Amino acid sequence: MIRKLLVANRGEIAVRVIRAARELGIQTVGVFSEADRDALFVRYADQSVCIGPPPLSDSYLFYQNILAAAQSTGADAIHPGYGFLAENASFAEACRALDLTFIGPAPQAIRKMGDKATAKRLMKEAGVPTVPGSEGVLGSLAEARTLAAEIGYPVVIKATAGGGGRGMRIVGDGGELENAFHAAVNEAQQAFGDSGVYLEKFIQDPKHIEIQVLGDKHGQVVHLFERDCSIQRRYQKLLEEAPSPVLTEATRAAMGEIAVTAARSVRYDSAGTIEFIYDGRSRQFFFIEMNTRIQVEHPVTEMITGVDLLQWQIRVAAGERLPLRQEEIVRRGHAIECRINAEDPQKGFLPQTGTLSQYIVPGGPGVRVDSGVYPGYAIPPFYDSLLAKLVVWGETRKDAVLRLQRALDEFIIEGVATTIPFHQRIVRHPEFHRGAYTTDFIRRITAEEVANAC
Amino acid sequence: MIRKLLVANRGEIAVRVIRAARELGIQTVGVFSEADRDALFVRYADQSVCIGPPPLSDSYLFYQNILAAAQSTGADAIHPGYGFLAENASFAEACRALDLTFIGPAPQAIRKMGDKATAKRLMKEAGVPTVPGSEGVLGSLAEARTLAAEIGYPVVIKATAGGGGRGMRIVGDGGELENAFHAAVNEAQQAFGDSGVYLEKFIQDPKHIEIQVLGDKHGQVVHLFERDCSIQRRYQKLLEEAPSPVLTEATRAAMGEIAVTAARSVRYDSAGTIEFIYDGRSRQFFFIEMNTRIQVEHPVTEMITGVDLLQWQIRVAAGERLPLRQEEIVRRGHAIECRINAEDPQKGFLPQTGTLSQYIVPGGPGVRVDSGVYPGYAIPPFYDSLLAKLVVWGETRKDAVLRLQRALDEFIIEGVATTIPFHQRIVRHPEFHRGAYTTDFIRRITAEEVANAC
Amino acid sequence: MKGKNMDVQKLLEWLKKYDLTELTIKDGGYQVTLKREGQPAAFPHQSLPGIDEAVAAADGTCEPVASAAEPEDAPDKPELHEVKAPLVGTFYRAPAPDAAPFIEEGDRVEVNDKLCIVEAMKIMNEIESPVRGIVREICARNGATVEFGQVLFRIEEPS
Amino acid sequence: MKGKNMDVQKLLEWLKKYDLTELTIKDGGYQVTLKREGQPAAFPHQSLPGIDEAVAAADGTCEPVASAAEPEDAPDKPELHEVKAPLVGTFYRAPAPDAAPFIEEGDRVEVNDKLCIVEAMKIMNEIESPVRGIVREICARNGATVEFGQVLFRIEEPS
């Protein structure tokens, strides 16, 4: 087993890793940049080492000082958290070369899943559904027609050189195809000087739904159900929940099985996530990518399954077998997480720095707070804006939503603007209550607000 | 249903009641003495009213101002919390007279269970086991011998006028009885001028184990398993856990059934607790008393059952039926609560006042904090010393204990001395780890310490 | 006892904050006695040891939440006597819904003149003026809930 | 941008705290450039708008956790040059376990004289003196882990 774990990260995830390690009886080493000397994770680590100046490239991304810190403190394992070095196969290999256990999957799995094209090809081979479409540039209208009939309408035609919606046409049925094809080709030629277009299935009412998986070094892989992460602002998740309010039990089971198949196909031996895009109309789902790390939103899965994902991730990295079989993993109730960022929703979510002159976290039943800050802490201007994750559990989704409203109302942060008021709006929005919200929810409600202000 | 609830209490329980009410969509009114103007519950209540100067008799125990606050704010219900007016039948009746829903049992149940002698008699009639012994003064040695044989040894002979161990003899078997009887009678005569003695079963390796019950106004009563509250210092509980580490499933089921019988016999229609003394040798248990209120340690039951006791207590007071049948109430894992008091364990647990110059609460998975204070808060010198309850959950008792150690280590309170260091000692003590600790555990480890210091 | 936890300064602040007129603390046996405007109140369970003895008197004010914005002791104003609510209830300026108010701002009042009613538990509690002077301010709205210690009137006493 | 969240004072403090020699902030397009002892470091994703421009320079010190108790700029001492660890590793005073230390307290050193080794990743990094002077203090223990920026030596330069 691991005796001493170096945490190569900062903020709330460094605190989370320290918590898991302590509960496993493992000593912890924190590493910090000069800007993080007063951070909570430094206070909570058994031991800590300054590894460089504030810039990421000179501290949290600088292998040499991190590995030297591990060696000189006698650490025998490194947890990379998320971001930073978490999905860096070379770093994982460097750890191996120094006999340090890297808490993550084998480097080959990181490499295979790290390249989108490779990942998509491998998944197709493994029988995992990906968004259907032309392999490359469409040769002709006839080819488009054959393919569209095969995939099923609606489809979308896009310029291969394109972006920003130019050279793009959504095609609702076969009658629209000819006009749309020619219009897209002409527009692509005009806009990009390249008339190449491709065709793929158009996803209606899209949702971002991901499956948590966990594998060990003995070939076992299980899934721990899904998370619905469709509430995003510019691809940044703001709120995640489990279970997804729209999945049928049949779809949930199918997604879980497919995710396990996907993970098995790369001999996945750690905690990871298979991301799918889900079509709210057809109820089909398609592989998008795999994240070969623990994720920010892992607590919602922990709340409904009672499983400590961080502890399992560490234990399987140390060579232990998964303690539970698939059928022993049960879920209960509903969990929702809000990411409380130091950002001003009134000013385009501008990141804020400042000192937390007051910081009162919510408590009571069904409330979990994973925070990297504390009262009086000065937020350094060098890193990301995540202050805390507020996670609630309730027996039903309605219970969880009411609890989340109450907990958000209790969360008092003074000294910097935060996303709390924005989350308060989300959780009181009728569309959120219905649960069928799609990935453009935040964009739409932000637009509503602008429209209402005019 | 209730629309507006006045909380006739302070500190963490006032916050707890407000949380439950908000999650039920009920408006809240806080009432506070002049010393509690800055308290957290005042901040969290939708509305609040000053009801008097700091002395309890002029504010939190002063019916008139509390009831006037309810009437003038339009509240339709009052929650008394624990302590204060919680087990005051006259107050409950005063609420009824003003058409205010009292969140607690019917006044008759409070009265019956409030008087120890009445309660014991009623329980005997209902077939609930009480500590067996002589009804009054023992008439003769022969009577003692008959009774002791009936009860079973060991027994204890005590002076009816006595106290402090004088006139008391523990009798291990029949051979010791004659000498012990005469010694006790003589000692009682000398010490109190009254030779009367009585006899009862001597409880070996005693544990304080209580069963949570919940009844509604439609005659349903369920239990929610036990709490082991044997870790006490001068009858003040310091740590509670569920399930008890020593009960067999058979004893647990028997205690639950008996507790339901006890509650039914007084037509109990709220949340309440049946306290038993448990004999660690014989594995017998005996009724001690019933608490007709929600208790400080209710969160440990909430953690293992997923049931929100405060919400249920409010809902049944409003006339709703219990939503779950006995067989639908399931427990999972293990929960432990520590009472974090502003007391200095180094100085005989002297209550402390002062300003919380730092206050960092633990977080992460399986950790719940019910607190009535916040960073920068000045603890008033007028009330009890409970700052916060730290409650942890783990899949097994071992997981919960490790998590508790980690959470206690994370809990940073500066400005006043607290019981945290003492709790840290308890949770690392081998006897606590074994789980068979008895009600004299704290006294013994405190004595150990004194002995070691000599 | 740690000096930082409870020092004399702190005790004096409490005295002032809660209108206490007397406070006695003893170490041996942990006795605390507080007196407030002539009403004794004992807290036998409260223990504040460490200071051998502290007896002090102060005359502070109680400022209710609802009137935080009100000017207090403004330098350009004469000294005003504050009449505070002695109980929680509903504030009425007149003896009956259709009756004229007991007083208006600017009125002269004598000691024991009726100022208002605070209704609690269906009982109409008449509040009388403790001083002679001119009513400068009526601080509560007719029909509003008043809390304990809330300022109801400010009366200018003749200098 | 709120003035209270990020004002010039705060920026100046950061400058000092992190030994930055230059800092540029622009509002339009959210550009931030930080320079530190000649090494540029850009944070394109960081946005700190609201202050039109702030360019300042400061010369601060980095005080490692492990040496918090060490005297710093004591008034009765001459100005000492601090030699800090440029990387994380294990501190060795001698080139080999059985060899004599490179230097002792009180020794005279010239520029580029070897002071110690910091071993990291099996590589022995020799640390040379950046100044001429007398070694007044060796601040790390042989075999100890040194962290980035930790003071290893204090050298008195000839005045």
Side-chain angles (χ1 to χ4, degrees), chain A residues 6 29-38 42-43 45 47-59 62-75 94 97-98 342-344 346-355 357 378-385 414-417, chain D residues 1-7 10-11 13-15 17-20 23 25 27 30 32-37 39-43 45-50 60-68 84-92 118-123 125 143-150:
Chain A
L6 181 139
V29 180
V31 294
F32 60 96
S33 81
E34 289 176 318
D36 276 337
R37 200 172 284 284
D38 299 327
V42 174
R43 197 157 182 171
Q47 186 179 359
S48 57
V49 179
C50 179
I51 50 161
L56 289 179
S57 54
D58 299 337
S59 51
F62 189 46
Y63 292 17
Q64 183 189 304
N65 277 355
I66 293 169
L67 295 170
Q71 291 204 300
S72 57
T73 55
L98 295 168
E343 295 172 3
D344 191 344
Q346 300 257 298
K347 294 179 183 166
F349 292 83
L350 265 184
Q352 307 284 303
T353 58
T355 297
S357 52
I379 303 161
F382 306 106
Y383 310 111
D384 76 88
S385 59
E414 291 165 10
V416 293
Chain D
M1 171 171 224
K2 292 178 181 177
K4 68 171 177 173
N5 288 335
M6 177 54 72
D7 55 12
K10 192 81 200 165
L11 290 171
E13 281 168 22
W14 282 110
L15 271 174
K17 195 164 176 186
Y18 301 113
D19 263 341
L20 301 177
L23 179 139
I25 290 180
D27 199 359
Y30 307 150
V32 175
T33 317
L34 303 173
K35 284 192 186 173
R36 189 173 181 283
E37 300 179 329
Q39 295 177 308
F43 295 90
H45 301 297
Q46 191 66 33
S47 56
L48 298 167
T61 56
C62 163
E63 197 184 2
V65 169
S67 59
K84 295 175 184 175
L87 77 172
V88 179
T90 308
F91 176 82
Y92 293 115
V118 175
E119 183 197 348
M121 318 299 294
K122 315 279 179 207
I123 294 167
N125 301 279
T145 298
V146 292
E147 57 186 359
F148 176 84
Q150 183 172 338

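What you see is a predicted model; the values in this text were computed from it and never measured. Values below: all heavy atoms of this structure, side chains included; hydrogens, waters and symmetry mates excluded. Chain letters run A, B, ... following the sequence lines, proteins first and then strands; every chain starts at 1.
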Can you tell me if A/Ser72 uses its side chain to pair, donor with acceptor, with the backbone of D/Thr145 under 3.5 Å? no
Would you check if A/Pro53 and D/Phe148 make a side-chain contact, meaning some heavy-atom pair closer than 4.5 Å? yes
Nearest atoms (heavy-atom pairs only) where D/Val88 meets A/Asn65: N-OD1, 3.1 Å
Run the ring pair (Phe, Tyr, Trp, His ring centres under 6.0 Å) test against A/Phe349 and tell me which residues pass, sequence neighbours left out. A/Phe422
Taking all non-hydrogen atoms of both residues, which atom of D/Leu87 and which atom of A/Gln64 are closest, and how far apart? CD1-NE2, 3.1 Å
Please enumerate all residues that pass side-chain contact (heavy atoms from CB on, under 4.5 Å) together with A/Ala45, with sequence neighbours excluded. A/Ile18, A/Thr28
Which of A/Ala68, A/Ala342, A/Ala70 touches chain D most, by non-hydrogen pairs under 4.5 Å: A/Ala68
Below 4.5 Å from any heavy atom of chain D, which atoms of A/Leu67 appear? Answer side chain, backbone, both or neither. both
